[in-house]
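First the structure, in the form of structure tokens, and then the observations on it.
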Number of protein chains: 2
Amino acid sequence: MIKNKKVSLADIAMTLGVSKTLVSMVLNGKGDENGISKKTQERVMELAESMNYKPNQFARGLRMGRSNTIGLIVSDISNPFYSRLARSVEDAVSESGYNLMICSSDESEEKEMKLLEMLINKQVDGIILSSTLDSTDHVESLQNENFPFVLIDRIYNDFEANTVVVDNRTGALEAVEFIINNGHKKIAALVISPAHISTQVDRLEGYKDALSKHSIPINQYYQKVVKREDIYNAVSQIFIEWKSDHMMPTAIFVTNNQLAIGCLEAIRDLGLSIPKDISIVSFDDIDLFKLYSPPITSVIQPINSIARNAVEILLDNIKIKDNSESLIKTHKCLQTNIVVRNSVLKLA
Amino acid sequence: MIKNKKVSLADIAMTLGVSKTLVSMVLNGKGDENGISKKTQERVMELAESMNYKPNQFARGLRMGRSNTIGLIVSDISNPFYSRLARSVEDAVSESGYNLMICSSDESEEKEMKLLEMLINKQVDGIILSSTLDSTDHVESLQNENFPFVLIDRIYNDFEANTVVVDNRTGALEAVEFIINNGHKKIAALVISPAHISTQVDRLEGYKDALSKHSIPINQYYQKVVKREDIYNAVSQIFIEWKSDHMMPTAIFVTNNQLAIGCLEAIRDLGLSIPKDISIVSFDDIDLFKLYSPPITSVIQPINSIARNAVEILLDNIKIKDNSESLIKTHKCLQTNIVVRNSVLKLA
DNA sequence: TTAAAATACTAAACCGTTTTAGAAATTTTT
DNA sequence: AAAAATTTCTAAAACGGTTTAGTATTTTAA
């Protein structure tokens with residue numbers, strides 16, 4: 001089974017009385033193209049098998065400059081959206097014989113830079129990145145070095161790179177339009193910090209699109225950025241403010257699952273009832289939404305598809321780089337779906 | 001920033017007119033102990049810094065036989081329990097300068113073996129394993145090779161190894177006792193497959209302990225194993241069976257969060273009401289339980305503490321191995337907490 | 001004044017692969 | 001029968017570090 005992996009190419013070569021070169025070629029499937037006789041090939045393969053030979057990855061990596069590993073950076077692997085994404089990425093890369101290194105950046109720019117450096121240092125063959133950064137310096141230097149990477153989930157408008165995203169703006173538009181079609185006019189949008197992140201920006205745009213489209217005035221007062229460090233209290237504060245101003249919206253659109261959880265808690269603790277007192281629609285479907293009472297209408301992202309596309313593009317890029325052909329940039333924008341449940345009240 | 005890392009030790013040595021040996025020593029903090037003059041040390045460090053030297057991990061790993069990476073195998077990183085565990089492990093190892101490789105075994109014995117092999121092949125310095133396997137062959141061979149590893153969450157009774165677990169039996173006992181103290185007598189236990197896993201076994205034992213302690217007869221009919229592939233339907237079937245037999249329990253104890261989710265769905269769809277028709281207590285606290293109506297009483301595992309302990313023990317072991325001292329085995333058993341909410345009816 | 005010790009450093013081996021450049025033995029061509 | 005081509009295989013370099021076993025020079029001790 002798992003043997004004391006001390007068997008090296010040299011050992012095999014020695015016992016067989018052939019050269020390391022030959023053994024290496026055979027085991028890498030290059031026996032035929034190098035004119036190694038069938039018989040010798042067989043002898044090598046058999047012995048390698050029976051000695052349970054496993055090539056030393058360090059030696060291999062050192063020589064070839066590749067690790068067969070790819071890196072994934074997300075903001076927090078314990079967020080269900082990212083953990084499911086990571087799982088899909090894991091499955092996809094392992095199908096192609098790659099390993100995965102998952103890292104959490106914690107929405108910290110500094111940490112993200114460190115992780116990026118670490119992954120490059122570990123010589124990963126490519127990186128899938130959901131970036132927290134506002135600037136593009138770091139990805140630009142990746143680009144300049146011709147390092148394969150793909151941006152997912154969060155992207156930069158003004159920067160050309162491989163990207164796999166969801167059509168956040170349309171997704172949000174549809175969600176808010178759904179609210180509007182139920183007769184609502186006073187609709188608030190809650191965004192999570194840092195608000196510069198493309199998903200948040202786009203979803204907020206989509207919210208505004210929907211209002212505009214239906215000629216509902218856009219009110220700054222109904223657009224709030226919530227600090228992710230203290231969601232529950234921040235949200236509670238917002239509700240209290242609305243209430244005391246006698247400006248309570250009839251519906252809220254929430255752009256993130258963590259934010260939604262905070263909202264549900266706050267709403268409950270303030271004694272409000274969904275959807276009677278307030279309607280809600282959230283981005284990111286999580287188990288909770290399906291089982292909450294009432295079940296929460298939400299925007300579903302095609303997580304598996306995001307992962308598959310990102311991996312495919314990345315592996316393509318790695319291959320292209322190996323052949324030192326010139327890279328092309330691929331953009332993929334996937335559509336979301338809205339799953340209607342019972343969290344939006346139909347107004348007269 | 002992230003520079004084209006082509007700078008090697010030799011480059012630094014060359015420009016400074018010293019040997020690679022010296023540079024290596026200085027950069028590894030062994031300058032003093034090897035009597036390198038302060039002045040030279042400074043020159044080396046400065047140049048390394050300014051050239052943005054980053055040691056090649058492959059070369060280093062090849063020579064030293066270590067990767068500064070540890071492996072974590074769980075059944076599924078998208079399960080919130082494991083994703084939170086993974087996150088804590090990530091934080092803990094990175095504080096000690098290690099990197100982490102997270103893998104999902106999917107409750108497949110074959111996959112688990114493959115992952116183990118892969119990690120060993122990648123020369124990780126140690127492994128944290130939440131095993132799916134029934135047999136101990138694989139961990140025995142780790143043991144025999146003196147490979148540092150620690151078993152978490154799921155362990156083997158008949159096998160000596162480093163372990164960090166939770167006191168599942170007592171946790172379950174307390175949970176069921178809480179149900180009993182509310183006047184229940186017809187209490188069922190739902191376990192998830194594969195049922196041989198220690199957590200499931202122990203929690204079921206705890207359930208029986210509680211019944212015995214309070215002189216309630218133990219009835220096989222109320223102990224069900226649910227296939228994890230089709231939880232919702234399996235659970236629904238069980239409820240229907242109980243109903244048609246006129247044997248509906250007044251309370252159920254559920255040993256896993258995924259199972260609980262299936263139960264909540266099934267219970268809702270069968271038109272039953274919690275806790276009026278049926279009371280429920282689950283293991284593993286998840287967001288859903290806090291926000292469900294009614295909020296679900298559950299047993300909380302000290303996830304962060306599990307992770308920290310496991311990492312500490314593992315890193316200790318790695319250190320011990322480096323000094324080729326003889327390994328000692330550490331066992332850690334952490335207590336759970338029960339968080340009482342509103343899912344258990346107080347019977348007259 | 002010479003031997004021993006301390007200081008400051010280095011050449012070369014080594015880790016285990018892959019790859020380059022070519023060699024030896026056999027077969028084919030002329 | 002010599003030249004050319006084919007088949008089968010190999011020695012040695014390279015990847016970039018760490019470590020071992022020294023060496024040369026200066027200082028201290030006897």
Side-chain angles (χ1 to χ4, degrees), chain A residues 3-45 47-48 51-68 120-123 125 322 324, chain B residues 3-45 47-48 51-68 120-123 125 322 324:
Chain A
K3 275 300 200 185
N4 212 329
K5 49 163 305 322
K6 281 276 169 59
V7 182
S8 76
L9 267 195
D11 297 331
I12 298 183
M14 183 85 50
T15 30
L16 241 39
V18 297
S19 70
K20 290 193 295 172
T21 312
L22 186 151
V23 177
S24 170
M25 284 166 166
V26 171
L27 294 180
N28 286 308
K30 295 179 181 167
D32 284 339
E33 75 189 65
N34 284 94
I36 311 300
S37 71
K38 286 281 174 228
K39 211 172 201 161
T40 311
Q41 291 200 40
E42 247 172 54
R43 287 201 306 149
V44 169
M45 309 241 266
L47 187 60
M51 289 177 95
N52 193 38
Y53 168 75
K54 293 280 149 50
N56 181 313
Q57 300 297 319
F58 289 142
R60 193 169 235 261
L62 175 58
R63 181 62 231 234
M64 311 216 295
R66 62 203 322 293
S67 59
N68 246 45
I120 298 213
N121 211 228
K122 282 243 167 215
Q123 322 253 57
D125 301 332
D322 282 349
S324 43
Chain B
K3 276 299 200 187
N4 212 329
K5 47 165 307 323
K6 281 276 168 61
V7 182
S8 75
L9 265 195
D11 297 331
I12 298 183
M14 182 85 48
T15 31
L16 241 40
V18 297
S19 69
K20 289 196 297 172
T21 311
L22 185 151
V23 178
S24 170
M25 283 166 166
V26 171
L27 294 179
N28 286 307
K30 296 181 182 166
D32 284 339
E33 75 190 64
N34 285 92
I36 312 299
S37 72
K38 284 282 174 227
K39 212 172 203 163
T40 310
Q41 291 201 41
E42 248 173 53
R43 287 202 306 148
V44 170
M45 310 242 265
L47 187 60
M51 290 176 94
N52 194 37
Y53 168 74
K54 293 281 150 51
N56 181 312
Q57 299 298 319
F58 290 143
R60 192 168 233 262
L62 176 58
R63 181 62 231 235
M64 311 214 296
R66 62 204 321 292
S67 59
N68 246 46
I120 298 214
N121 211 228
K122 281 244 167 214
Q123 323 252 57
D125 301 333
D322 282 350
S324 43

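So you know, we letter chains A, B, ... as the sequences are listed, proteins then strands, and number each from 1.
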Which whole-number value in Å describes the distance from [X] [atom1] to [N] [atom2]?
X	N	atom1	atom2	result
A/E33	D/dT8	CD	P	15 Å
B/Q57	C/dC15	CD	C1'	15 Å
A/L62	D/dG17	CG	P	9 Å
B/E42	C/dA8	CD	P	14 Å
B/M64	D/dG16	CE	P	17 Å
B/N56	D/dG16	CG	C1'	6 Å
A/R43	D/dC9	CZ	C1'	12 Å
B/I36	C/dC9	CD1	C1'	6 Å

Between A/R60 and B/G35, just flag the one whose closest nucleotide in DNA chain C comes earlier from the 5' side. B/G35
Non-hydrogen side-chain atoms of A/K54 and A/V7 separated by less than 4.5 Å: no
Can you find a pair of side-chain heavy atoms, one from A/L62 and one from B/R63, that are under 4.5 Å apart? no
Backbone of A/I36 reached by a side-chain donor or acceptor of A/N34 within 3.5 Å: no
Heavy atoms only, 4.0 Å cut-off, all strands: where does A/K30 land among base, sugar-phosphate and nothing? sugar-phosphate
Remember a base hit wins even if backbone is also touched, and classify A/G17 as base, sugar-phosphate or nothing at under 4.0 Å, heavy atoms. sugar-phosphate
[X] side-chain N/O to [N] phosphate OP1/OP2 under 4.0 Å:
X	N	result
B/T40	C/dC9	yes
A/S24	C/dT18	yes
A/Y53	C/dG16	no
A/S8	C/dG16	no

Taking C/dC15, D/dC9, C/dT18 as options, the one with an atom nearest any side-chain atom of B/R63 is C/dC15
If you only use heavy atoms from C-beta on, which nucleotide in D/dT10, C/dT17, C/dG16 is closest to the side chain of A/L22? D/dT10
Toward the 5' end of DNA chain D, by each residue's nearest nucleotide, B/A59 or A/K20: A/K20
Per-nucleotide protein contact string for nucleotides 21-28 of chain C (B base, S sugar-phosphate only, - none; heavy atom under 4.0 Å): --------
Begin with the C-alpha distance, continue with both residues' side-chain angles, and end with the deciding distance and a verdict on side chain to side chain contact (heavy atoms under 4.5 Å, CB included) for A/T15 and A/D11. CA-CA 6 Å; A/T15 30; A/D11 297 331; 5.5 Å; no
Would you check, one step at a time, whether the test side-chain hydrogen bond (donor to acceptor under 3.5 Å, both in side chains) holds for B/S37 with B/T40? CA-CA 5 Å; B/S37 72; B/T40 310; 2.7 Å; yes
So which atom in A/K20 and which in A/L9 form the shortest heavy-atom distance, rounded to 0.1 Å? O-CD1, 4.1 Å
Less than 3.5 Å apart, any donor N or O on the side chain of B/Q41 or B/D32 sitting next to an acceptor on the other? yes
Ion pair check, A/D322 and A/R66, cut-off under 4.0 Å: yes
